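If you're wondering where the values come from, they're calculated on a predicted model, not measured in any experiment.
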Amino acid sequence: MAQTRRRLRSSTVVLGGMGVLAAALSACGSDPDRRCVDRNSYDYTDGYKVVADKNCSSSSGSAGKSRSRATNADWYYDADVSNGYADRGTFSRSEAVDRGGFGCSGSGGG
């Protein structure tokens, strides 16, 4: 039996490589997922209660310049969200960015 090798066309290889490159760049350049939570609402089993975004400041870097008096709201990044609660995240945007994604260096790409 003669061995036959299948060669991929150069266009297939180029398109596949472009897809991988696009995924790597978009993972590094995007902002981390964030939720506005009430810092005073922490529950051991559920996490922080998610509140309306208007309660957090519009700036992603500083905590609550325009937050309401009823809540101590702040942005909570890269959290697991379930049933109106966010858990296992971080209040530090830079720490969330440093976690990185596919193809990112640990030094905070983007």
Side-chain angles (χ1 to χ4, degrees):
M1 289 191 161
Q3 285 186 339
T4 57
R5 277 185 122 172
R6 184 175 172 203
R7 289 189 61 166
L8 295 176
R9 294 184 181 167
S10 61
S11 61
T12 304
V13 173
V14 169
L15 289 176
M18 294 290 277
V20 170
L21 179 63
L25 291 176
S26 65
C28 288
S30 62
D31 284 331
D33 181 43
R34 68 182 185 179
R35 306 287 178 186
C36 185
V37 299
D38 182 359
R39 282 181 169 258
N40 296 334
S41 68
Y42 186 76
D43 179 73
Y44 182 74
T45 57
D46 294 324
Y48 294 97
K49 182 164 180 53
V50 176
V51 296
D53 286 355
K54 67 181 181 181
N55 293 310
C56 288
S57 70
S58 59
S59 165
S60 62
S62 61
K65 287 181 184 171
S66 63
R67 60 183 156 201
S68 78
R69 293 181 187 185
T71 62
N72 183 14
D74 202 356
W75 292 116
Y76 194 54
Y77 299 94
D78 286 344
D80 297 333
V81 180
S82 177
N83 297 324
Y85 285 86
D87 200 14
R88 293 190 224 32
T90 178
F91 285 105
S92 169
R93 182 183 182 280
S94 62
E95 187 177 312
V97 171
D98 283 346
R99 291 179 186 182
F102 176 76
C104 296
S105 67
S107 61

How long is the span from the [atom1] atom in [X] to the [atom2] atom in [Y], to the nearest 0.5 Å?
| X | Y | atom1 | atom2 | result |
| --- | --- | --- | --- | --- |
| C56 | R35 | SG | CZ | 12.0 Å |
| K49 | N40 | NZ | CG | 13.5 Å |
| D87 | D46 | CG | CG | 8.0 Å |
| N72 | D38 | CG | CG | 6.5 Å |

For [X] and [Y], work out which heavy atoms get closest and say how close.
| X | Y | value |
| --- | --- | --- |
| P32 | Y77 | CG-CD2, 3.8 Å |
| A52 | C36 | O-SG, 3.4 Å |
| N55 | A73 | O-CB, 3.4 Å |

- Query: Considering only heavy atoms from C-beta outward, does the side chain of W75 approach that of D53 to under 4.5 Å?
  - Reply: yes
- Query: Any side-chain donor-acceptor pair under 3.5 Å between T90 and S92?
  - Reply: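 Per modelled atom types, T90 and S92 side chains form no pair under 3.5 Å.
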- Using side chain to side chain contact (heavy atoms under 4.5 Å, CB included) as the criterion, list what pairs up with F91, not counting sequence neighbours.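 F91 satisfies side chain to side chain contact (heavy atoms under 4.5 Å, CB included) with V37, R39, Y48, D74, Y76 only.
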- Run the side-chain contact (heavy atoms from CB on, under 4.5 Å) check on R93 and D31 step by step: do they pass? CA-CA 9 Å; R93 182 183 182 280; D31 284 331; 2.4 Å; yes
- Task: Could I get the full list of salt bridge (Lys or Arg N to Asp or Glu O under 4.0 Å) partners for D80, not counting sequence neighbours?
- Result: R88
- Message: Same cluster or not: Y42 versus V51, using hydrophobic residues (I, L, V, M, F, W, Y) connected whenever any side-chain heavy atoms lie under 4.5 Å apart?
- Response: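 Different clusters: Y42 never reaches V51 through Ile, Leu, Val, Met, Phe, Trp or Tyr contacts under 4.5 Å.
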